[in-house]
Amino acid sequence: MRPIELTVNGSSHELEVEPRELLVYVLRERLGLTGTNIGCDTSSCGACTVLVEGESVKSCTMLAVQADGREITTIEGLATNGELHAVQQAFHEQHALQCGFCTPGFVMATVSLLDENGDPSEQEIREGLEGNLCRCTGYHNIVRAVQSAAGQEVSA
Amino acid sequence: MLASTELQEGRAIAATEAPAGGYVGARETKHNGDLFLTGRAAYFNDIVLPKMSHAAVLRSPHAHARIKSIDASAAEASAGVLATLTGAQIKEHTGPIPFFIDPAVFGGKTRDNFPLAVDKVLMTGQPVAAVVAETAADAEAALDLIKVDYDVLEPILEADDALKDGAPIINDGWDDNVVITLPFVEGDAEAALAEADHVIEDTFEMHRLSTQPIEPRGNMAVWEKDGSLTFYGSIQNPHPLRLHLSQALGVSESAIRVIAPFVGGGLGLKMHGHPEEALVCVLAKIVGRPVKWLEDRRETLLIGGIEQTHRFKVGFNNDGQIVAIHNRIVANVGMLGSAPGWGMAFLSALGFPSGYKVPVTDVSVQVVSTNKGIWNATRGYGKQGTNVVIERMVDLVARHLGMDRIEVRRKNMIEKDEFPYATNSGLNIDSGDYHAALDKLEELLDYEGLKREQAKLREEGRYLGIGITFELTPESADIPGTIVGGFDSAQVKMDPSGNVTILSGVTTPGSGNDTGLAQIVADEVGVTIDRISVIQGDTDTCPYGFGNYSGRSIVSGGNSAVLAARDIGEKIRGGAALLLEAGDEDIELIDNLARVAGAPDRAIPIAAVAETIYTLNFAIPGIPEPPLESTRVYKPDNIRHTPDEKGRIQPYPTYSYAMHGVVVEVDPETGAVDIKRIGIVHDCGTMINPLFIEGQMAGAMVMGLGNGMSEELKYDEKGTPLSTRFKAYLMPRAGDVPAVELVHQITPSPFTLLGTKGAGEAGVGGGMSVIANAVDDALAPLGVTIRELPVSPPNVLKAIDEAGSNGGRG
């Protein structure tokens, strides 16, 4: 077991973890942050996407020990004082979620995408979200939500 | 114990007044969206029970083998292991898994499927043993210690091989490998083909695919201290599963509670009949603790569907009129499992001739069992088999005659004044205006402009393709003698605070019918949607219902909510009339108020009326009786189970339809298909929420395009699955598709209360058919005819090569 310290959604946690333990399991099972979902075992679906130091990371591709000393944001930590983050609000208004299982991953990937490129084209949005799979929406309303969150006019 | 999460219920996030014109038809957003957007929605894997243990399943590495012996003793002694179970022991604990739809109901063959293979395995991945341990990792590690001695048999993987004379019979006790053969015959096809001006004979092969929701399956069972069983699962049909668990386990239905939390996509794959449902119940009994099993993606990818070959003849006249279709379909359902997948083959034949007036049809499907994986339902439930092949036929006719494909469709489609229209297979199509939908699609796409652009690009050596297809979607089925039910239930309750709870027999694995139910009830009882909660997916609290499949949730569940809500509205009106000294008929219920029509100052909060009914019922003579609760069932019209003179039944109340158009560019060097545009005209009758219907259609279309372009469950020659990960089973990503341009057309169904038809499946068959036709059209100058799906790069290159080797004759 290795001691690590994680700052998750602003709270500091000192933990003992197995060297093989993946970040996603620490978030879900140790810290009870079950909003981060697991959809595959091969880093293909992106349902487990979180922010590490503000950048999107598939939390099934990172060992918990690699996250030692770093700041992590999960879907539970995005809203402030009960106010949805602009990306969460846009996903709601544009009906960018159906079953909702991939949604936390898409929201976190979108926060990271817009942080890197505040005014993306539709093509840049589609390419920027290629790491995440959605089986319900056909991506149509997800793209519109990203446009809306970027303050752009939403295409029809 | 659902730490900081909530089960399948929720409350709207924003208090509002009702939209002008009411909630029904408004573009309401998800009423409980905040749960999903903040990570508080509880899915199966988020449920934690005290003393929970974990199961893992050992699966056969062989497609066809006899089990000589299993030794689980080393696993039993492994770290953290609580119990092991093998096929040799399974019959001591459970009977066979009941079929969701038993082929025997239709005169076909059946088999006993136990949760663990008893003596013979029929597919790679069939469960043969299970381990329960303290952790999932301990359970999985112990699987490696189980020794199974197999006598490996030659697998039969292709349906045509299984049908050969003298082919080995894979199911013990059967006399061949055919589950059932289902014919649908109207008229004399041979004679009609002989008289037709032209006949085309060809084949079409549809590959094996799967729906693969992003959340895998999972089940957990716990035997309570009173001997009752609680089952949690990512499942679509709680009440029917309760019946089947009762039958398998020999436990009273009343002693079983089935709970489906929020489901991360169902798509047919989470209809039950899988081995792991009864298995976790048996294991939980053995260890005396809750047992949880969570599927991994390799396991999800064992489940397939659709694989079928059509060998057809289509007869038509010089004017483009199609006069006869003869089609022999062979469907490879793999190992016959208890899940409802095999029935999709039935639908692929039943659906002919779709929305076309073809006077003579002779279509039959042979359902063949092989050593590939089981089928389960795939969104579209086999209708994509009909849709793809009939739309290929129409394009073949058009090309043969040099007519425009739109003209051939116009010529053959059912006219709007011919509904309800009885089809050759006995279906009764409720309503529609197919020609108007085609006109709208032509306009949406600028079809003539596209053809000019295509001609111009062809001169530059570029291959633009335009695909046009019609899609008919029979929905909300009731199949007699099975738990495929066409009716459903709703309970609507108003408490003394004026808040409303809807308990529904239908479930929502992502379709959003819960928000639709809330909209419907809000209008009927006059409260704003933030005062409404929806509870689904719990057999102890919800009225009896069949859950989710066949685009049924609003047709059956929504309309039953209308009836129940009207009962409540009537009592509120009665109470308000008394309190406001007006007639019942003068009271209108809106924005949480009961008010006298035309006299806005004479109003009382609905909550006050409810409180009065509950608290002053003895004091006020004539006030309506409590409780403010009503449970109602809605049975749609048009379903007919009394066989007609030809023995045919009519299992569907409603028939949604759509016209699809896509534009693609194909690179003949690489075989890559680039989708440029997607256009759809969709009619599902009255819409409760256009925003949700657009979401469903966009999702179904992209799923259909993926099903048709890139997704394929492949096997090697030994029957070992090759598509075992999302890196090998290629579902569309955001960059693979463009925006979806969607136009609504509304033709209410005369057979449902609100005029709604099923929604949610349309688009899957459309996506598959329209991509086949678009690629075919793109490569027409090379003499290519598309005869198989998927139109993946290797298959496209193969089609180009074949066209080249026969001199470009297709």
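Letters A, B, ... mirror the listed sequences (proteins, then strands); counts begin at 1.
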Student: Would you name the heavy atoms of Phe36(B) and Gly100(A) that are closest together and state the gap between them?
Tutor: CD2-CA, 3.8 Å

Student: For Thr42(A), is there any backbone N or O sitting under 3.5 Å from a side-chain donor or acceptor partner on Lys727(B)?
Tutor: yes

Student: Against chain B, label Tyr139(A) side chain, backbone, both or neither, depending on which of its atoms sit under 4.5 Å from a heavy atom there.
Tutor: side chain

Student: Any donor and acceptor pair, going by atom type alone, linking the side chain of Glu130(A) with main-chain N or O of Gly735(B) inside 3.5 Å?
Tutor: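 Indeed, once roles are kept as given, a pair shorter than 3.5 Å links the two residues.
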
Student: Can you list the steps and then say if Gln212(B) with Cys40(A) is a side-chain contact (heavy atoms from CB on, under 4.5 Å)?
Tutor: CA-CA 10 Å; Gln212(B) 298 300 310; Cys40(A) 70; over 6 Å; no

Student: Please confirm whether the backbone N or O of Arg297(B) pairs with a side-chain atom of Asp41(A), one donor and one acceptor, at under 3.5 Å?
Tutor: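 Confirmed, Asp41(A) side chain pairs with Arg297(B) backbone.
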
Student: What are the two closest heavy atoms between Gly264(B) and Cys99(A), and how far apart are they?
Tutor: C-SG, 3.3 Å

Student: Are any side-chain N or O atoms of His140(A) and backbone N or O atoms of Val740(B), one a donor and one an acceptor, separated by less than 3.5 Å?
Tutor: yes

Student: Just by distance, do the side chain of Lys30(B) and the backbone of Gln98(A) share a donor-acceptor pair under 3.5 Å?
Tutor: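 Pair found, side chain donor or acceptor close to backbone of Gln98(A).
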
Student: Contact part of Pro216(B) toward chain A, heavy-atom cut-off under 4.5 Å: side chain, backbone, both or neither?
Tutor: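 Side chain only.
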
Student: Any idea which of Gln88(A), Gln123(A), Arg28(A), Arg126(A) has the most non-hydrogen atom pairs under 4.5 angstrom with chain B?
Tutor: Arg126(A)

Student: Measure Met701(B) against the heavy atoms of chain A and call it side chain, backbone, both or neither at under 4.5 Å.
Tutor: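 Answer is neither: Met701(B) stays 4.5 Å or more from chain A.
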
Student: Is Glu711(B) paired with Arg135(A) through a side-chain N to carboxylate O contact shorter than 4.0 Å?
Tutor: yes

Student: Are there residues of residues 48-61 of chain A that reach to under 4.5 Å of chain B by heavy atoms, and which ones?
Tutor: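 Under the 4.5 Å heavy-atom cut-off, nothing qualifies.
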
Student: Tell me, side chain or backbone of Glu694(B) under 4.5 Å from chain A's heavy atoms, or both, or neither?
Tutor: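 When you check distances to chain A, no heavy atom of Glu694(B) falls under 4.5 Å.
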
Student: For Thr29(B) and His95(A), test the side chains for any donor-to-acceptor distance below 3.5 angstrom and give the result as yes or no.
Tutor: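 Looking only at side-chain atoms, His95(A) and Thr29(B) do not form any donor-acceptor pair under 3.5 Å.
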
Student: Name the region of Leu705(B), side chain, backbone, both or neither, that has any atom closer than 4.5 Å to a heavy atom of chain A.
Tutor: neither

